[in-house]
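Below is one structure, written out as C-alpha cells; the observations come after it.
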There are 2 protein chains.
Amino acid sequence: MSLTEPRADEAPAARPDAGKSTRDKGGALMVNSVEKAFRVLYAFGRQHQTLNLSQVAAETGMDLSAAQRFTHTLTRLGYLHKDAETKRFELTAKTLDLGYHFIRGSRLVDRAMPYLMHLSKETEETVNLTMRDATEIIFVSRFLSRHVLNTDVIIGTRMPAYCTAPGIAMLSRLPEDEAMAVIDASDLKAYTPSTTWQREALREKIRQAAAQGYATAFEEVYLGDASIAAPILDHRGRPEGAVNVAVSCSRYSRDDVVTRFSALVIAAAHAVSRV
Amino acid sequence: MSLTEPRADEAPAARPDAGKSTRDKGGALMVNSVEKAFRVLYAFGRQHQTLNLSQVAAETGMDLSAAQRFTHTLTRLGYLHKDAETKRFELTAKTLDLGYHFIRGSRLVDRAMPYLMHLSKETEETVNLTMRDATEIIFVSRFLSRHVLNTDVIIGTRMPAYCTAPGIAMLSRLPEDEAMAVIDASDLKAYTPSTTWQREALREKIRQAAAQGYATAFEEVYLGDASIAAPILDHRGRPEGAVNVAVSCSRYSRDDVVTRFSALVIAAAHAVSRV
DNA sequence: ATAGAGTTTATCGCATAACGATAGAAAGCC
DNA sequence: GGCTTTCTATCGTTATGCGATAAACTCTAT
C-alpha cells in the first residue's frame, strides 16, 4: 500500500470534512461542463422539440444561470438555434456532424459497406449493420427494402440486445459469463407475446446461436418483423458488430428465413470479420 | 447594430486590465470546455480513425494535460473508446445519439417523412430531405433508389449550397441580398466542368429557380448525377429545407428530369410547407 | 393604462474546478 | 542494456465557470 508513500504529511489532520467535496463525480480528470452540455442537448427530443430557457433549466435540473450559459455556448457552437422572436431553442442539423464523423471514421463501416450493398441487392430486403453498446445494439448502417419502409428505425436507433437477432448474435461470440452479465444488466421484459425474455431461455438462445453461427428473432420487438443475424469478429475474435437481414413475417415462414438468408448473412459477416 | 455582438463594453473606465485577458473568446457566457470537447471529438474522422493521446494533443492544439482531461471525460461519457492494449482512442457508436435526437425531435422531418416515402415509391429514385447551415446543405433524411447505391452521401453529409439543387432551391426563397450574401460567403469553385460557380451566373440561377419554383443541378458536383429540388417554407415563408430527387444522367435527359419530376418535388415540398 | 406574474438578459464577487507543468511509470526501440 | 517516447498521476495556482441577483422585457388581465 503506502510503501511508496514518501510522506503522509501533506494534509494529515487537514481534511476538515473529508468525503465532502472529494473531487469525485467521475474521477479527478473529469471536466463536468462537458457532461452538462450534453445534458442540455439531450433535453430536446421527441417530447420536447423546442424549449425555452426556463424549460431547459427545469428539464436538466440546472439553475437558470447554468442553463443560460450552456444554451449560449451551444448556440454559439451551432448545435442549438434560438428563435429570435419566440426565444425558444431547438436542435440544429449540425448535431448530425458528430455521428457523421463516426461513420466516416469507422473501419468497420468502411469494410462492411460493400458487403451490405451486395446483400441488399441479392436479397432485396432490409439489411442492417449494428454495434453493441453495453446492453443495447445501435443501428449504424441501414439499407431499406422498398417493401417495408419502417420509419421508426433509423441510424442511431437503439434496441435491447437480448431481444434482437444482432444482439444475440454478438453475445454468442462472447465468453458465456460475459454474455450473461449483459443479460443480467438488461431490463428484461416481453415486448410482444413472442419475446424471449427469461434468463435461462436467453442463455439457451445464445448457446444455440453460438452453435449455428447465426441468430434469429421472430416478432420479439415488433409484431410482423423477422430478423436473422451473424456476428462480425475483430482480430482477436471478439464480436464488434453484426449483419442482419430483416423481413416481414407475412412473406416468409420461419424456415424460409433460415434457409434463404442464413448462409448469406454468415458469409457477409465472415467477409467483414478480421478473425 | 450588432445585436449579436456581446458589446465590447462601452463601460469605459472600469476594467483595470482591459484588453488583456478580457473574458472574450465568444462572450462572457461561453463555457470553453464544451468547445474543447468537440475539438477532441472532431479530431477523429476519415484521416484519423484512431488516435493516441499525444496525437489528440497535436491534432487539437491542446497540451497533454488538456488532451488527457478531455479524452478521459469523453471516454467516461461513452463517446470515446480506449483500447486497453494499444492505448488508442476511437469514436464509439454513441456519437450517433445526438443526431438521433435531432431527427426524432425535428418537426420538419416528422412532417416530411410520409411525403418523402410517397415520392420514393412513386419515382423509384433517390429522394432526399436537406436543410441549410450557412453556406452548406446537410442531408437530413434519405431514401435510396436501388439503382445507384451511392455510399458517399449519407445522413449528415454536407455540400456547398451553391452547386446543389436543394441549395439553390432554398436560396431562391430568400431575399436576394441575403441569398447573395450566402453566395459571397461561399468558397466558389468548379467541382466539374459543369459547375455553375460564378457569382452572376448563380444570381441568375437563383432568380430562375424562384420563378420556376424548383431548381436543378446537372453534374455540378459529381459527374453523372442529376438532381431537381423544391424548397420547403416555414410559417413565415422562409425556406427551412428542400426536397429533391436525384437520378443518374445516363437514364434521363435534362428535359426528362424536369418533365417527370418537377411537379412531384414541388407538390411534396408544398405539402410539407406551412406557408 | 397599469399592475403583476413570468419571462429573458446582464452583472459581479467568490470559490472551486479546470488548468498546465512536471515527475514517475510503462512501453517501445535501437 | 540504455534510450526515446508515450502514458499516468499528482499538485499548487488562478483563471474560469458558478449562481445569486437585479434589470429589462413580454404578455395578460383588469
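None of these values were measured; they are calculated from a predicted model.
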* Rounded to whole angstroms, how far apart are CE on A:M62 and C1' on D:dG19? -> 12 Å
* Asked: Is the Lys NZ or Arg CZ of A:K94 less than 6.0 Å from the centre of A:Y79's six-membered ring, within 45° of the axis?
  -> yes
* Atom CG of B:N52 to atom P of D:dC7: distance rounded to whole Å? -> 4 Å
* Asked: Checking all strands, does A:F89 fall into the base, sugar-phosphate, or nothing category for heavy-atom contacts under 4.0 angstrom?
  -> nothing
* Closest to the B:S54 side chain: D:dC18, D:dT6, C:dT7? -> D:dT6
* **A:L64 or B:S33, whichever maps to the more 5' nucleotide of DNA chain C** => A:L64
* Asked: To the nearest Å, how far apart are B:E35 CD and D:dG17 C1'?
  -> 16 Å
* **Atom pair distance, as rounded to whole Å: CE in B:M30 and P in D:dC18** => 13 Å
* Asked: Within the side chain of B:S186, is there an N or O that forms a donor-acceptor pair under 3.5 Å with the backbone of B:L188?
  -> no
* To do: Using distance alone, with no hydrogens and no angle criterion, decide if B:Q49 and A:R104 have a side-chain donor and acceptor under 3.5 Å apart.
  => no
* Asked: Rounding to a whole Å, what distance do you find between B:R69:CZ and D:dC7:P?
  -> 16 Å
* Asked: Does B:N32 make a side-chain N or O approach to OP1 or OP2 of D:dT16 shorter than 4.0 Å?
  -> no
* A:Y100 OH: over 12 foreign heavy atoms closer than 6.0 Å -> yes
* Structure fact -> When rounded to whole Å, the CZ to P distance for the pair A:R76 and C:dT9 reads 13 Å
* Asked: Between D:dG19 atom P and A:L53 atom CG, what is the distance in whole Å?
  -> 15 Å
* Could you check B:K87 against A:Q68 and say which one's nearest nucleotide on DNA chain C is further toward the 5' end? => A:Q68
* Ignoring backbone atoms, test whether B:K36 places a side-chain nitrogen or oxygen under 4.0 Å from the OP1 or OP2 oxygen of C:dC19. => yes
* **For atom NZ of A:K82 and atom C1' of D:dC25, their distance in whole Å** => 12 Å
* Asked: If you take all heavy atoms of A:V140 and B:A93, which pair is closest and at what distance?
  -> CG2-CB, 4.2 Å
* Asked: Is any N or O donor-acceptor pair between the side chain of B:S65 and the base of C:dA21 shorter than 3.5 Å?
  -> yes
